[in-house]
Amino acid sequence: MQQATKIAITSAVLICPAAAANTVSVTVPTVSFYGKAEVQLAHTDKGLLRYTEQGSQLDTPFSRFGLRGEQQLNEHVTAFFTYEVDVRGFDEQNTQSPFAARNTFIGIKGNFGQLIAGRNDTRLKTSEGGVDLFNETSADIAQILPGQDRLGDSLTYISPLYNQWQISVTYVLGQDNELQDGKDGGAISLSYGDSKLKQQPYFITLTQAQSLNGLNASRLMWQQQLANFTLGALLQYSKETDAQRSGTGGYISLQYAMGDWLPKLQLGRDTSQLRQQGRANHYTAGTDYIFNSQSKAYFFVTHLDLAGESNTSAADSSETDTSVADTSVAVGLQYRF
């Protein structure tokens, strides 16, 4: 997220105005205000796709604003916080509940790494890297792939970077978290390279999750930059913690930087049936037009195929095809600040 507005305030407070010599210098935390404003016009055939409704919709997908701040406690430790909310009051339907909680946490950091407490993206979710080229749209990998969760009552540890290696851990307390069904859960992720593909042209993650929002999962992600091309691949095995449903899934993605244009292609499949009612194939093609580092216009077409179990009639031994499909076309404008 871009941070265009920063407020840094340092003030000297006079404890005893009558005695000018008795002064205390108080440093107010450095605070950054940030957000994403987005408008999107989309048409969806059937509304089977998550985050869509049948017909034409004008929406602000995952628009938000937030505050970040930090203050140095001593020479070894710095405290920081993030308070972020989803803004959903663009249409009439969300008039009564225009805001929803997103990442909201407090933490400390130093040479030991970072320790974070509160609502945060799990390490399984962040291990996607930049594979998801249509993040926070109806073409998001969360359309069919389980584990893309942001959970409260969580503790997160992120280690320092050692020769491009980094380890991070999520631990979620289950007692007060209804999504955890009373059980503690967690995820551990090992990464190598640069998630931004700036210092190094590659990024790899290996992640294991256990009892995380009812999910056990193993995920391997690889992303590589080759000249103007960026390639990505993600493979995941998913299983319900206390049920029988399980399966494999994943995505491959490709984008090409062509001046101000950024054409993109993304293909996904999942057989676990944990996000959709059927084995799912998910295909998306689109392009971004980049105005600057904060603004872009975009267009994409996304298609979802769901294949259920074939039903065989005992009377005539015929099979009924339970496959269904849905397509959505969207055009939008996004501004990050």
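Remember, it's a predicted structure, so these values are computed and weren't measured experimentally. For the numbers below, each heavy atom of this structure counts, side chains included, while hydrogens, waters and symmetry mates do not.
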- Item | Worked verdict on Gln236 versus Leu145 for side chain to side chain contact (heavy atoms under 4.5 Å, CB included) | CA-CA 8 Å; Gln236 179 171 316; Leu145 204 64; 3.8 Å; yes

- Task: Salt-bridge test for Asp270 and Arg279: reply yes if a basic N is under 4.0 Å from a carboxylate O, no otherwise.
- Result: no

- Note on the structure: Rounding to 0.5 Å, atoms NE2 (His282) and OH (Tyr251) come to a distance of 5.0 Å

- Query: Is there a chain of hydrophobic side chains (I, L, V, M, F, W, Y, each step under 4.5 Å between heavy atoms) that links Leu234 to Leu124?
  - Reply: no

- Do Tyr202 and Tyr192 make the cut of ring centroids closer than 6.0 angstrom? yes

- Message: Using a strict threshold of under 4.0 Å (side-chain N to carboxylate O), is an ion pair present between Glu136 and Arg64?
- Response: yes

- Message: Looking only at the side chains, is there a donor atom on one of Glu84 and Tyr34 sitting less than 3.5 Å from an acceptor on the other?
- Response: yes

- Query: Under 6.0 Å from the CD atom of Gln277, do we count more than 12 heavy atoms belonging to anything else shown?
  - Reply: no

- Got a second to check how far Thr284's OG1 is from Phe134's CZ, nearest 0.5 Å? 5.5 Å

- Under 4.0 Å between a Lys/Arg side-chain N and an Asp/Glu carboxylate O for Asp149 and Lys125? no

- Query: From Arg336 CZ over to Ser293 OG, what is the distance, rounded to the nearest 0.5 angstrom?
  - Reply: 11.5 Å

- Message: In terms of relative ring orientation, are Phe62 and Tyr51 parallel, tilted or perpendicular, with 30° and 60° separating the classes?
- Response: perpendicular

- Item | Side-chain donor-acceptor pair present, Gln72, Thr78, cut-off under 3.5 Å | no

- Task: Is it possible for you to say whether Leu306 and Ile141 belong to one hydrophobic cluster, with membership spreading through side-chain heavy-atom contacts below 4.5 Å?
- Result: yes

- Centroid-centroid under 6.0 Å between Phe33 and Phe337 rings: yes

- Query: Taking everything shown except Asn74 itself, do over 12 heavy atoms lie less than 6.0 Å from its CG?
  - Reply: yes

- Stepwise side chain to side chain donor-acceptor pair (under 3.5 Å) check, Gln143 with Gln276: CA-CA 8 Å; Gln143 186 68 236; Gln276 296 284 354; 3.0 Å; yes

